[in-house]
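This report refers to the structure that appears directly beneath it.
Being a predicted model, the structure only gives us computed values, none of them experimental. Numbers for residues simply follow the sequence, beginning at 1. In what follows, every heavy atom counts, from backbone to side chain, and hydrogens, waters and symmetry copies are set aside.
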Amino acid sequence: MKADVLLGLQWGDEGKGKVVDVLTPKYDVVARFQGGPNAGHTLEFEGNKYVLRSIPSGIFQGDKVNIIGNGVVLAPDLFMDEARELEKSGHNLHGRLHISKKAHLIMPTHRLLDAAYEAAKGKDKVGTTGKGIGPTYTDKVSRNGLRVGDILDNFDEKYAAHKARHEEILRSLNYTGYDITEVEHHWMEGVEYMKQFELVDSEHEVNRLLREGKSILCEGAQGTMLDVDFGSYPFVTSSNTICAGACTGLGLGPNKIGEVYGIIKAYCTRVGAGPFPTELCDDTGSKIRRIGHEYGAVTGRERRCGWIDLVALKYAIMVNGVTKLIMMKSDVLDTFETVKACVAYNHNGMFLDYFPYDINSGIEPVYVEMPGWKQDLSHITSADQFPQAFRDYITLLEHHLETPIAIISVGPDREQTIERNC
């Protein structure tokens, strides 16, 4: 058996949560491999809406095993709040949710460091969510981190030493006057709550499950263009969001990867600062935002909206080894007279059909414009019902991306999902 990977190909918010929920009936295990509570996966079904931040989206599917892998950074207090909300809604997590002992812990002082570092950047802010993700990964790579497994042995002493080091850094940044007493108390309550779950060596678990013939879906967070190595640096997240992150974030060998599902929107969005070549700072962008309800699931921030960027998508498909595409929110464009797709960049007078080192300035999108389909897609139940103009849009995308679009979403509910024979 091989593990399949599901990840976003744009700047995040592509709709990964819904797709995981749709695909999980085919899998025995769903495993999250990177990111932290800065990523919100929104799922809607049976008239209810759920936002997951750290817990894998397979938690809604019966007796599936859900694994939070070593590549994830976990805030015990936020994890506890999220888990308790799910338990209130009737979803039993105990026995089905396993947490890697090697996952790193986001401390309350990591959030303070996040705010202090952003403040120090002045006008050059990255636009973080303030959840402490970056400082936690910084501690991880500098070999100064606290891990989930540390809560099982002499934790108070370890925590105090890490906190003291963070406070010294905060003083050096002149970031003082804070009081984390209440937050810290809630955080420690979360630590005790985490002990109720199975804390595992996830690399051994996922490989054992594969040997036993179990099917695994690896769930990514954020999007490819936010990858710390291959995204629009420095306006990126702090982890590897690409397919290779599933190997390092779960302990899977590259030869254990099967299908790679890449999720895209029929248009494009971005939250926070950073370059966005196809951004629409006009009424069209506002219309996409309004119809698509484009606001951050975690922060509530307005998402910047624009036309689909096929140059960036070709790049994302390449670095991930994507085998199948899944297109979300197609119905958002139902009422547009025309739709556009960026097929190249004009970079300071040079025509580029590939993603360059720097897109921070001098980039103008080159568009292909097509007639809109002007038809409500949300009630369509099979691909043969698609209007011709929408078929033409799909054909254009597949031609440029050289990858089949296997699944198309036409609404937020899990039932509004159409599989195509590609």
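- One N or O on the side chain of R32 and one on the backbone of Q34 form a donor-acceptor pair closer than 3.5 Å.
- Under the 3.5 Å distance criterion, the side-chain polar atoms of Y345 are left unmatched by any main-chain donor or acceptor of P277.
- Under the 3.5 Å distance criterion, with hydrogens and angles disregarded, a donor-acceptor pair is assigned to the side chains of H186 and D81.
- For the pair D156 and K163, the salt-bridge criterion is not met [side-chain N within less than 4.0 Å of a carboxylate O].
- In terms of modelled atom types and a separation under 3.5 Å, the side chain of Y393 and the main chain of A341 share no donor-acceptor contact.
- Taking 4.5 Å as the limit, some side-chain heavy atom of C243 sits within range of a side-chain heavy atom of L7.
- Other residues, nucleotides and ligands contribute more than 12 heavy atoms inside 6.0 Å of the NZ atom of K287.
- The line from CZ of F33 to CD of E219 is 8.5 Å long, rounded to the nearest 0.5 Å.
- Nearest heavy atoms, L401 versus I317: CB-CD1, 3.8 Å.
- To the nearest 0.5 Å, atoms CD (Q385) and CD1 (I380) are separated by 6.0 Å.
- Geometric assessment of K340 against the ring of Y367 yields a positive cation-pi assignment under the 6.0 Å and 45° thresholds.
- Between E14 and L9, the shortest heavy-atom distance links the atoms OE2-N, 3.4 Å.
- Residues E167 and T109 have side chains that never bring a donor and an acceptor to within less than 3.5 angstrom of each other.
- Surrounding CG of N154 are more than 12 heavy atoms belonging to other residues, nucleotides or ligands, all under 6.0 Å away.
- H166 and H110 have tilted rings, their planes meeting at an angle from 30° to 60° on a 0 to 90° scale.
- A side-chain donor-acceptor contact under 3.5 Å links T269 and K265.
- Note: H98 and F197 fail the aromatic proximity criterion, with ring centroids not under 6.0 Å apart.
- Contact record, D114 with P135: N-CG, 3.6 Å, taken as the closest heavy-atom pair.
- We find that R165 and E168 are not joined by a salt bridge, their nearest charged nitrogen and carboxylate oxygen being 4.0 Å or further apart.
- When all heavy atoms are compared, the tightest approach of V228 to V236 is CA-CG2, 3.9 Å.
- Between the side chain of N207 and the backbone N or O of G251, at least one donor-acceptor pair lies under 3.5 Å.
- Looking at every heavy atom in both residues, A383 comes nearest to R420 through CB-CG, 4.0 Å.
- Of the possible donor and acceptor atoms, none in the side chain of D28 sits under 3.5 Å from a partner among the backbone N and O of K214.
- The pair R304-E294 does not meet the salt-bridge criterion, since no charged nitrogen lies less than 4.0 angstrom from a carboxylate oxygen.
- At a threshold of 4.0 Å, the pair K195-E192 counts as salt-bridged, since one of the basic side-chain nitrogens sits closer than that to a carboxylate oxygen.
- Side-chain N or O atoms of R147 include none that pairs as donor or acceptor with a backbone N or O of I151 at under 3.5 Å.
- Heavy-atom neighbours of E212 CD from other residues, nucleotides or ligands within 6.0 Å: above the threshold of 12.
- Environment of NZ in K324: sparse, with no more than 12 heavy atoms of neighbouring residues, nucleotides or ligands closer than 6.0 Å.
- Between the side chain of D413 and the backbone N or O of E415, at least one donor-acceptor pair lies under 3.5 Å.
- Rounded to the nearest 0.5 Å, atoms CG (L199) and CD1 (I68) are 10.0 Å apart.
- Closest heavy-atom contact between N360 and F235: OD1-CE1, 3.7 Å.
- Annotation: side chain of K102 is not in contact with side chain of S202 (no heavy-atom distance under 4.5 Å).
- Here the options are L352, D353, I359, the test is side-chain contact (heavy atoms from CB on, under 4.5 Å), and the partner is F355; only I359 passes.
- Between the side chain of D282 and the backbone N or O of G285, at least one donor-acceptor pair lies under 3.5 Å.
- Counted by atom type alone, T323 and E259 present one or more donor-acceptor pairs between their side chains at under 3.5 Å.
- Between the side chains of E198 and H94, no donor-acceptor pair of N or O atoms lies under 3.5 Å.
- Residues D331 and S378 bring no donor and acceptor atom of their side chains to less than 3.5 Å of each other.
- At least one side-chain heavy atom of P404 sits under 4.5 Å from a side-chain heavy atom of E398.
- H91 is listed as a side-chain neighbour of F60, based on a closest heavy-atom distance under 4.5 Å.
- Looking only at atom types and distance, the side chain of T284 has no donor-acceptor partner in the side chain of W307 under 3.5 Å away.
- The ring-ring contact (aromatic ring centres under 6.0 Å, His included) with W187 is formed by just one residue from the set Y193, F79, Y159; it is Y159.
- We find the OH-CD1 distance between Y267 and I308 to be 11.0 Å, quoted to the nearest 0.5 Å.
- Between the side chains of T224 and N320, a donor-acceptor pair is found at a separation under 3.5 Å.
- Between D63 and R96 no salt bridge is recorded (no basic side-chain N to carboxylate O distance below 4.0 Å).
- Distance alone, capped at 3.5 Å, places no donor-acceptor pair between the Q10 side chain and the M225 backbone.
- Ion pairing between a basic and an acidic side chain is recognised when a charged N comes within 4.0 Å of a carboxylate O; E203 and K256 show no such pairing.
- Distance alone, capped at 3.5 Å, is enough to place a donor-acceptor pair between the N66 side chain and the K64 backbone.
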